[in-house]
Number of protein chains: 2
Amino acid sequence: MRLVIARCSVDYVGRLTAHLPEATRLLIHKADGSLLVHSDGGSYKPLNWMSPPATFEVAELSEEQQLAGVVECWEVKHRKSGDTLRVNIFEFVSDSHHELGVDPGLTKDGVEAHLQELLAAQIERLGDGHTLVRREHMTAIGPVDILARDAEGAAVAVEIKRRGEIDGVEQLTRYLELMNRDPLLAPVQGVFAAQEIKPQARTLAEDRGIRCLVLDYDDMRGEESGELRLF
Amino acid sequence: MRLVIARCSVDYVGRLTAHLPEATRLLIHKADGSLLVHSDGGSYKPLNWMSPPATFEVAELSEEQQLAGVVECWEVKHRKSGDTLRVNIFEFVSDSHHELGVDPGLTKDGVEAHLQELLAAQIERLGDGHTLVRREHMTAIGPVDILARDAEGAAVAVEIKRRGEIDGVEQLTRYLELMNRDPLLAPVQGVFAAQEIKPQARTLAEDRGIRCLVLDYDDMRGEESGELRLF
DNA sequence: AAGTAGATGTCGCAC
DNA sequence: GTGCGACGTCTACTT
């Protein structure tokens, strides 16, 4: 990994064209050929970048570039799409190289999968007398998170999200449309379950007769550990 | 901006919990308090990070940490959400600081906005005799990209995307539902226009009576410059 | 290879 | 601030 602090301007030509005027920035050139251009602010997204796999080349300086004060020009090109990042360097402030080796990578503990697991185990949160049929019930257009039956034995399809937004309601609507054509299931009641449901999503869901259920993650985890203690 | 190359492990606790085992990485600590943890590969997304605004603190080392060989522990906490990133540093390989100043920022030329502009100017691409009513026609749930009328004077609502996927069809469907309740507009014909339309999106659209129109960006730009030459 | 749904998405704009 | 759509989305996973 090469780290360069330099006064530079940057031009990107690819899916769009973009330009960064001259300023001092951090340039990160990774082992896989990718290049990141970072400023001292913003979030993790670079001002501009080239993703791997890419080729890195120090380009010949045109007379125009030399007159403008460019001391080095980098041309980073994507191997497949041909997208190009051109960096005009006016001054090197710092330039270093470090061997990092291959990273063991991130391990994460998801939330949505855990929510599904918890709700399947605590299915009565859907309402008294509810029973679980199965998780990931397959339909022609994809799996419904949870299929259950209410106290009267009627089918209940549950879509689980960490944050409930309109997209999730649309998804559940498509499932319900399909499932309600199946005489063995119909009528199917829809439940939109999430840690947090956005007002617009709730309005859309309720307008379509879909019930909204806010899941308290901490509470559910508490109940889980409580159950564990009993055994 | 502080740049540190260090052998470290990282733990994130926030919307999810995640862990990075000990390895040599690049740590970028920005002026706004944010921290990025990068490996020598992957794309522009860091292995782990904390977005601004955040507080940075060098934490006391527990006995356990000292025994494990930790020489310094950073605790970076998000000011609002309380999400925390803890970096255990086992060895400093490099440590430097640079003043970058405020960045003038990126200027870009978009594509979707340009497509809308071009289609409005070349409205006959919708079909012979079509006329433009307006761009960004407001409805109660948001603006329709283009409202036009066909040769017979019937309303045509156009949704434009760079890449046409199912979401876009759902969006247009919602607009059409609403617009078809307006006696001044109904019946409204839907057109889903994009540089590229995914098969599933096309199937869904056509199933709902929405016409699909593939836009040739280069061709449209060519016609635009051709028109410019005439004047 | 292509399609789909999720993301600690991030970013920018309108209300 | 919240809502909402776009993004050079990226990414992992399934078909």
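The model shown is predicted, which means the values in this text are computed figures rather than measured ones. Lettering of chains follows the sequences in order, A, B, ..., and the numbering in each one begins at 1.
In terms of phosphate contacts, B:Q171 brings no side-chain nitrogen or oxygen within less than 4.0 Å of OP1 or OP2 of D:dG5.
Remark: C1' of D:dC10 and CG of A:D32 are 15 Å apart, rounded to the nearest angstrom. Distance, A:K161 NZ to C:dA5 C1': 7 Å, rounded to whole Å. Rounded to whole Å, atom P of C:dT4 lies 14 Å from atom CD1 of B:I197. Following rounding to the nearest Å, A:L16 (CG) and D:dT9 (C1') show an atom-to-atom distance of 11 Å. B:D167 places its CG atom 13 Å from the P atom of D:dC7, with the value rounded to the nearest Å. Protein atom NE2 of A:H78 is 12 Å distant from nucleotide atom P of D:dT9, rounded to whole Å. Spacing between atom CZ of B:R79 and atom C1' of D:dG1 amounts to 19 Å, rounded to whole angstrom units. D:dG5 atom P lies 12 Å from atom CD of B:E170, rounded to whole Å.
Across D:dA6, C:dT4, C:dG6, the shortest atom-to-atom separation from the side chain of B:E159 is found for D:dA6.
Atom NZ of B:K77 and atom OG1 of B:T84 lie 4.0 Å apart (nearest 0.5 Å).
Annotation: of the two residues near DNA chain D, B:K80 and B:R174, the 5′-most nearest-nucleotide partner is B:K80.
Taking atom P on both D:dA12 and D:dC7, the two are 23 Å apart, rounded to the nearest angstrom.
For B:R174, the side chain to side chain contact (heavy atoms under 4.5 Å, CB included) partners two or more places apart in sequence, or in a different chain, are A:I166, A:E170, B:I141, B:E170, B:Q171. Every side chain to side chain contact (heavy atoms under 4.5 Å, CB included) that B:S62 has, sequence neighbours left out, goes to B:E64, B:Q65. Looking at residues two or more places apart in sequence or on another chain, you find a side chain to side chain contact (heavy atoms under 4.5 Å, CB included) between A:N180 and A:L176, A:A186, A:P187, A:V188. The side chain to side chain donor-acceptor pair (under 3.5 Å) search around A:R149 returns none, not counting sequence neighbours. Taking the side chain to side chain contact (heavy atoms under 4.5 Å, CB included) definition, one finds that A:R2 meets it with A:V4, A:H29, A:F56, A:W74, A:F92, A:D95, A:H97, sequence neighbours left out.
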Protein within reach of the bases, or only the backbone? For nucleotides 10-15 of chain C, mark each nucleotide 5' to 3' as B, S or -, using heavy atoms under 4.0 Å. SS----
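Between B:R202 and B:E206 there is a salt bridge, with a side-chain nitrogen of the basic residue lying less than 4.0 Å from a carboxylate oxygen of the acidic one.
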